[in-house]
Each structure stands twice: as C-alpha cells, then as structure tokens.
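Written out below as structure tokens is the structure these notes cover.
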Amino acid sequence: MTQHTVLVINSGSSSIKYQLVDPEAGTSLASGLVERIGEETSHLEHKYGEKVVEIDGPIADHGAGLRKVLELFAKVGPNLSEAGIVAVGHRVVQGGKYFSGPAIIDEKVEQKIRDLCPLGPLHNPAHLKGIEVARELMDVPHVAVFDTAFFQGLPDESATYALNREVAEKYEIRRYGAHGTSHQFVSGAAAKFLGRDDLKQIVLHLGNGASVSAVVNGHAVDTSMGLTPLEGLVMGSRTGDIDPAAVFHLHRQAGMSIDEIDDLFNKKSGLRGLTGDNDMREVQRRAAEGDETCILALAVYNHRLLKYVGAYTAVMGGLDAITFTAGAGENDSDMRRELCERLAFMGVKLDLEKNAVRSKEPREISTPDSSIRVLVIPTNEELAIAQQAMTLL
Ligand code: AMP
C-alpha cells in the first residue's frame, strides 16, 4: 500500500512545532521544534526514529527556520517525497464564524485568517507567519484546521453572551471555544471505545491550557473557553473565569493599561499567579510539603472543575461518560481521584488500581458498577489535524 503523510505545523510567535504523520496508520514518522526564533539563542531539534539532531545558533525568522527543517528532512530523513507527503496541515486557533471544518488554504482563506487576528491576537498572527513561509517553500496543498471549528455548531444559548446585542454583533463577540480539535478527537475516540454514539459526554482537556466540553451524540453543546482561550478552567498561567469588572477595577485603581491586564490574565495568573509555578506537578509537590498557597491553588483548580462537570451534566440532562485528556488529565491520578470522589453523589465509582496505572493507551478507570463511565484517552492533535487534512483532500 502506498504511504501518504501529512506534515503538521503549529506555528507560534517565536516557534515552529512540526510532526510528519501517517494519518491512515495513525503513526508519527518524525517530529521537531524550532524555538526562540529571532533571538541569538535559537534552537532546533529534529527527531527521526533513533536519530536526534540539535542545532543551536541564531535563526532570524520563520522562513529561515522552516528552510532549516526542510534541509534536515533531506539530510537526516525521512525524505519527504519518498515518505509520500500529500499535504501540510496547519493548526489555527481562531476560525471565527467562518470555519466549521478544515479548509484548503488559498488566498481567500489566508486573508480570512488575517481578518480574524483581532479575535485571536495571541495566535493567528503567529500562525500566519508559518502558513506564509510553508506555502512558499512546499508545493503541496496546505490545509488549515481550526481549534474553533468543533464548536461552530454550539446551540445559540451557549454561544451567546448576555451582552448588548448590537455591540456583540458588530464586534463578533460570542463563544467560539478552543481546543476543539482535541475535544472532537477525544470524544470520538471515547464513543469508539465505548462502542456507541448516543452518548452524553464530558471531555476534560487538562494541560497547561485547560478546557471542558459537553458533547451529545458527537455534537458539542457547550464548552468552557469563550471568545478567546482565556475563559473557563484554572490554567497554567490563565485566570479562567473571572468577573470582567476586575478589568475596570485594575484599570481605574491600579492604573494598568489594557495590554498589561491582558498579559496579567493570560500569562501571569492561573496556577502561576497563585503559586509562582505553572506546572501542576510542582504545585502538587509543594502542596504535599504543606505549602498553604499551593494547597489553596489546588482547591481552586478542583472547585472550578467540579462546577463545570455539575453544570454540564445539568445542561445535557444526564451524563454517560467523563473522559480525561492532555498532560494533567492523562497523568495526574490524584486529581482524577479527587474529582471522581466528589462526584460519588452522581454514582461515579473509580477503580483506584486502574486509575493509578500509567499508560499511553485509551483506558477505562471506573468500576463496572459505576453509573458513569470514566475514561482516560490520550489526545493527539497532530494526528487529528493530519486526518482532517487527509479527509478534506
Ligand atoms: P500539555 O499542555 O497537555 O502538554 O500538559 C502540560 C501540563 O500537564 C504540565 O504543565 C503539567 O502541569 C501537567 N502534567 C503533566 N504530567 C503531569 C503529572 N504526572 N501530574 C500532574 N500534572 C502533570
């Protein structure tokens, strides 16, 4: 059988992450990362099988970075044409109201992604840098896969903020959600694992960024991220839900500018803001040693999680399955146990032995008599992007 592969690119403001994926086999052939682009200390790491190549030294811009990556594919392997590359898949955070699925990138689509920069100021400009240079250097179809697409079909009552209607319409303010590629992939995998599509599911994507979605029969009916990825759960460095009046207060009383508050809420809050550390493992370690700030931070984190699970169960009028995914969701058995213990009133029963097992495989961690099935399913956004690109082609 001829192999087809997709090069998946996630372009950040000073980084390019990439992975060469075989979407049919579900395997990754090679991967790498260019970081600190534009600085003296740029770093490139390319992995192909057992081979790991690292290069240090200034990389001026995204174009220079991607050229170096393509050189490494040629020199170190795998040779992209021999590997059967058919497309490049680009992760794009903000697709606004325009994209309810993946799109082949032409001038019009690229312009739409540019038009959406005000709604995704931290992400879309960075994605465009990657898209522009990749389209220049690689003569295959380029596909944009949007983090918001899975949530384009949200019911109006969950997508609409109770904001002045004219203002909201004029400035396109609504719940767009984010992490949609992961929520779609994981809820689909959960349905497959359980062997049924008619499910009321909650997916908890708990990584450095964190979000929760409610999915009924494969369709998202609510999600915690909103106009931007700032809303919802407590995250590594984002506040999640907060009274917007805090913005007015900080502006008026502390004299902070809007950009400073943006930075504070997105980069200096969440676990980092509460404890100084944005890594859950470190916060837990310090909490175990009795650090009061870390104990409180974990309590705030868990409380928020519990509220969303309760709210979404009510929204769906019931719950069949809860699925944990992403860094903390897949690896943090203590957090899973704590949440499930507090959901015991709903009939959730965790199998503590199964919960403690570390694995990269999808698995069930509830007991046979639990009224709600509890799963852990590793997310794989690169594979999901490659599969969506392939399906579109
Ligand atoms: P992600 O954004 O999905 O790569 O997740 C990264 C985050 O997952 C890290 O910042 C950690 O906070 C968290 N994480 C990873 N492993 C563990 C673990 N064993 N226990 C707790 N948190 C973890």
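Counting starts at 1 for both ligands and their atoms, in listed order.
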Discussion item. Can you tell me which residue among Arg286, Met335, Met280 is in a side-chain contact (heavy atoms from CB on, under 4.5 Å) with Leu298?
Written reply: Met280
Item to complete: Could you list which atoms of ligand 1 come closer than 4.0 Å to a heavy atom of Ala326?
Response: 3 (O)
Response to the item:
A student checking ligand 1 against Asn331 at a 4.0 Å heavy-atom cut-off should list atoms 16 (N), 17 (C), 18 (C), 19 (N)
Worksheet item: Starting from atom 11 (C) of ligand 1, which protein heavy atom do you reach first, and at what distance in Å?
Response: Asp279 OD1, 3.3 Å
Fill in: Audit row: Glu364, Phe193, side-chain contact (heavy atoms from CB on, under 4.5 Å) steps and yes/no
CA-CA 9 Å; Glu364 180 162 7; Phe193 186 93; 4.0 Å; yes
Worksheet item: Polar-atom distance check: Leu206 versus ligand 1, any N or O pair below 3.5 Å?
Response: no
Worksheet item: Looking at Asp332, which atoms of ligand 1 are within less than 4.0 Å of one of its heavy atoms?
Response: 20 (N), 21 (C)
Worksheet item: How far is atom 3 (O) of ligand 1 from its nearest protein heavy atom, and which residue and atom name does that atom have?
Response: Gly327 N, 2.9 Å
Practice prompt. Flag Asn208 as yes when one of its N or O atoms lies below 3.5 Å from any N or O atom of ligand 1, and as no otherwise.
Written response: yes
Practice prompt. May I ask you to check whether His90 and His142 place their ring centers less than 6.0 Å from one another?
Written response: yes
Discussion item. Quick check against the 3.5 Å criterion: does Tyr312 have a side-chain atom that pairs as donor or acceptor with the backbone of Thr223?
Written reply: yes
Worksheet item: Purely on distance, is any nitrogen or oxygen of Met280 under 3.5 Å from one on ligand 1?
Response: yes
Discussion item. I'd like to know if the side chain of Glu330 reaches the main chain of Ala326, judged simply by a donor and an acceptor atom lying under 3.5 Å from each other, with no hydrogens or angles considered.
Written reply: yes
Worksheet item: Which atoms from ligand 1 have a heavy atom of Gly207 less than 4.0 Å away?
Response: 1 (P), 2 (O), 3 (O), 5 (O)
Response to the item:
among protein heavy atoms, the one nearest atom 9 (C) of ligand 1 is Arg281 NH2, 3.8 Å
Worksheet item: Does an N or O from Gly209, backbone or side chain, lie closer than 3.5 Å to an N or O of ligand 1?
Response: no
Item to complete: Mark yes or no for whether Arg304, through its side chain, and Gly232, through its backbone, hold a donor-acceptor pair below 3.5 Å.
Response: yes
Discussion item. Please check: side-chain N/O of Asp263 versus main-chain N/O of Asp259, any donor-acceptor pairing under 3.5 Å?
Written reply: no
Worksheet item: Taking the inter-plane angle between the rings of Tyr18 and His46 on a 0 to 90° scale, is it parallel (under 30°), tilted (30 to 60°) or perpendicular (over 60°)?
Response: parallel
Practice prompt. Kindly indicate, with the supporting measurements, whether the criterion side chain to side chain donor-acceptor pair (under 3.5 Å) is fulfilled by Asp369 and Thr367.
Written response: CA-CA 5 Å; Asp369 63 339; Thr367 61; 2.6 Å; yes
Worksheet item: In terms of atom number and element, which parts of ligand 1 are under 4.0 angstrom from non-hydrogen atoms of Ala328?
Response: 8 (O), 13 (C), 14 (N), 22 (N), 23 (C)
Item to complete: Spell out, as yes or no, whether a donor-acceptor pair under 3.5 Å connects the side chain of Arg363 to the backbone of Arg358.
Response: no
Discussion item. Contact between ligand 1 and Arg358 is defined here as a heavy atom of the residue under 4.0 Å from a ligand atom; is it met?
Written reply: yes
Item to complete: Flag atom 16 (N) of ligand 1 as yes if some protein heavy-atom distance to it falls below 4.0 Å, otherwise no.
Response: yes
Worksheet item: Under a heavy-atom criterion of less than 4.0 Å, does Met335 contact ligand 1?
Response: no
